[in-house]
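First the structure, in the form of structure tokens, and then the observations on it.
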Amino acid sequence: MTDKPKIEPILYDALNSVSDFVSQVTGVKPTQWEIADALKRYFVLNEIKDHILMLRENENGEDVG
């Protein structure tokens, strides 16, 4: 049996923010399956990658604009 990685509170809060946002705009709370499926989509993964690269560049003092 392998140990599951620990989910830090900041990631838990982010997932709750996604759930809250979808609930607000659709009127129905999304299931965990729905959120997981959405997060694995290519477009979302690409947007997340671009955002992380932007944050990393900004942390290194490089121009983001």
With sequence neighbours left out, the residues meeting side chain to side chain contact (heavy atoms under 4.5 Å, CB included) with N46 are Y42, K49, D50
Across all chains, not counting sequence neighbours, the side chain to side chain contact (heavy atoms under 4.5 Å, CB included) partners of E34 are P30, T31
Check: With the 4.5 Å side-chain cut-off for hydrophobic clustering, are I48 and L53 part of the same group?
Finding: no
Minimal heavy-atom distance between L39 and L45, with the atoms involved, is O-CD2, 3.3 Å
Query - Neighbour count above 12 (heavy atom, 6.0 Å) for L11 CG - result: yes
So the salt bridge (charged side-chain N to carboxylate O under 4.0 Å, His left out) pairs with at least one residue in residues 4-17 (sequence neighbours excluded) are none
With sequence neighbours left out, the residues meeting side chain to side chain contact (heavy atoms under 4.5 Å, CB included) with D37 are W33, R41
For residues 19-27, please give each side-chain donor-acceptor pair under 3.5 Å, one per line with the distance, not counting sequence neighbours.
{"from": "S19", "atom 1": "OG", "to": "K29", "atom 2": "NZ", "distance (Å)": "3.3"}
{"from": "S23", "atom 1": "OG", "to": "S19", "atom 2": "O", "distance (Å)": "2.9"}
{"from": "T26", "atom 1": "OG1", "to": "V22", "atom 2": "O", "distance (Å)": "2.7"}
{"from": "T26", "atom 1": "OG1", "to": "V28", "atom 2": "N", "distance (Å)": "3.2"}
{"from": "T26", "atom 1": "OG1", "to": "V28", "atom 2": "O", "distance (Å)": "3.0"}

